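Because the structure is a prediction, the values reported are computed rather than measured. Per chain, numbering begins at 1; letters A, B, ... match sequence-line order.
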2 protein chains.
Amino acid sequence: MMSHPEPVAAPKRGRPGLSRHDVLEAAVAAFIEHGYDATSMGMLSSRLGLSKAAIYHHFPAKVELLRAALDEALGGLEGVLRQVDALGGSPEQRLAFVISGAVHVLIERLPYVTLLLRVRGNSEVERDALTRRRAFDRAVTALVIEARNAGSVRSDIDPSVVTRLIFGMVNSIVEWYRPEGPESADQLASDVLAVALEGLSAS
Amino acid sequence: MMSHPEPVAAPKRGRPGLSRHDVLEAAVAAFIEHGYDATSMGMLSSRLGLSKAAIYHHFPAKVELLRAALDEALGGLEGVLRQVDALGGSPEQRLAFVISGAVHVLIERLPYVTLLLRVRGNSEVERDALTRRRAFDRAVTALVIEARNAGSVRSDIDPSVVTRLIFGMVNSIVEWYRPEGPESADQLASDVLAVALEGLSAS
DNA sequence: GTCTATAAAGAGATAGAC
DNA sequence: GTCTATCTCTTTATAGAC
């Protein structure tokens, strides 16, 4: 969560003196509000209090703002997979860790993951992101299959359908979760895990 | 599912002779592929084999294509609520009917619902659609609360969180379901209901 | 690091012929 | 019902001054 030690655009004194990270944050917020395509560099510059040309000092093109945002989201999700590999445990434990970990990443990097989940593959940058996202999905499906073979996941439904439904539920959190709201990340992760594992029926 | 008896644009002979419905279908497909904003009237006209101007004969503006599509989706979902009201039954039965009914509408009107779920409220048309969609969500939440008071839905999690998670799962189907794939609508609705009610854990 | 000015392309929409 | 041609506005991006 610390700012990257980028060699460019340190917060010097001068005029506004915006950092690369400031520009990215504002851009991502605008992309979420209006969609990437519908967000013009003009809107961005208004929101930042900068001229359009000044933005090109921080990012060489509009699409590089998108690339940086998607990388932030994918890095977080891939980190969950690295952690679960390092931790070990039963397939059931590892699956629970991945679901809970994904919820936490989703909340910690909410705007970036929100953007990632809206990507449809209409440019090179988007297709690259989709490729990495699909690799994540495949890893989770493999984990579900493992847990199913170990007898902890129901075997009456196709594993990839189960995976898609559960992660559809997880991912839908970006549609409504607000950090300033009543639910903490831990509380929500626990709720998601409960509904994913046991369903909504009364015990 | 029959074509509407619109008084306009019957499939006469002439040149291509496209109907209003043909144009809408092609537009919705393009909106899904590239996003509404990123789809230009030029792209639309190429895909249809028409000039841009010809499209304006069928729809007076680009946004009217979106309005018609969203109305198709919302009409289907609102129909499920009307049916459940007419049918009666226990809260548990009615909740199951709404979940299963939503899955069926989602599949029958896949492109239209896909578009609806991507709307963010950036124009009058989108805000109107969001208003109707929120009314649907509220009706479902009320049903979850009823079922919870009747003892059939778990009471350890906030009802609106439960509703959002379950419908997040349902709605995520548009991200991957393809009619030509192996799962029938009935099969998928039954899978969704099973995971929603009982979770992914082995019985 | 930020500005003004501008280039070049593409957008939504309309006019009027056939 | 479809066409060509065109209007006007906005877009991404660059040039060059400070």
**DNA chain D contacts among residues 27-41 of chain A, heavy-atom distance under 4.0 Å** =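 Output list: A:Thr39, A:Ser40, A:Met41.
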
Rounded to the nearest Å, what distance is computed from the [atom1] atom of residue [X] to the [atom2] atom of nucleotide [N]?
X       : N      : atom1 : atom2 : result
A:Leu50 : C:dC3  : CG    : C1'   : 10 Å
A:Tyr56 : C:dT6  : OH    : C1'   : 14 Å
A:Lys52 : D:dA15 : NZ    : P     : 15 Å
B:His58 : D:dT2  : NE2   : C1'   : 8 Å
A:Glu64 : D:dA13 : CD    : C1'   : 14 Å
A:Asp22 : C:dT2  : CG    : C1'   : 15 Å
A:Lys62 : D:dT11 : NZ    : C1'   : 9 Å
A:Ile55 : D:dT11 : CD1   : P     : 12 Å

**Item:** Position toward the 5' end of DNA chain D (nearest nucleotide), A:Met43 or A:Pro60
**Value:**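 Its nucleotide being nearer the 5' end, the pick is A:Met43.
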
**Message:** Just by distance, no angles: are the side chains of A:Ser19 and A:Asp22 close enough, under 3.5 Å, to form a donor-acceptor pair?
**Reply:**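 A:Asp22 and A:Ser19 do have a side-chain donor-acceptor pair below 3.5 Å.
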
Result block: side-chain N/O donor-acceptor pairs under 3.5 angstrom for residues 180-190 of chain A, not counting sequence neighbours:
{"from": "A:Ser184", "atom 1": "OG", "to": "A:Gln187", "atom 2": "N", "distance (Å)": "3.0"}
{"from": "A:Asp186", "atom 1": "OD1", "to": "A:His104", "atom 2": "NE2", "distance (Å)": "2.7"}
{"from": "A:Gln187", "atom 1": "NE2", "to": "A:Asp191", "atom 2": "OD1", "distance (Å)": "2.9"}

Between the side chains of [Y] and [X], is the shortest nitrogen-to-carboxylate-oxygen separation below 4.0 Å, so that they form an ion pair?
X        : Y        : value
B:Glu33  : B:Arg47  : yes
B:Arg154 : A:Glu198 : yes
A:Glu78  : A:Arg132 : yes

**Message:** Would you say B:His57 places a side-chain N or O within less than 4.0 Å of OP1 or OP2 belonging to D:dT2?
**Reply:**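 For D:dT2, OP1/OP2 do not have a side-chain N/O of B:His57 under 4.0 Å.
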
**Request:** Kindly confirm or rule out a cation-pi arrangement of B:Lys62 over B:Tyr36, judged by NZ or CZ under 6.0 Å from the six-membered ring centre and within 45° of its axis?
**Result:** yes

**Message:** For residues 80-101 of chain A, which residue pairs pass the salt bridge (charged side-chain N to carboxylate O under 4.0 Å, His left out) check, not counting sequence neighbours?
**Reply:** A:Arg94-A:Glu146

**Request:** Measure from the side-chain heavy atoms of B:Leu18 and tell me the nearest of D:dT12, D:dT2, C:dG12.
**Result:** D:dT2

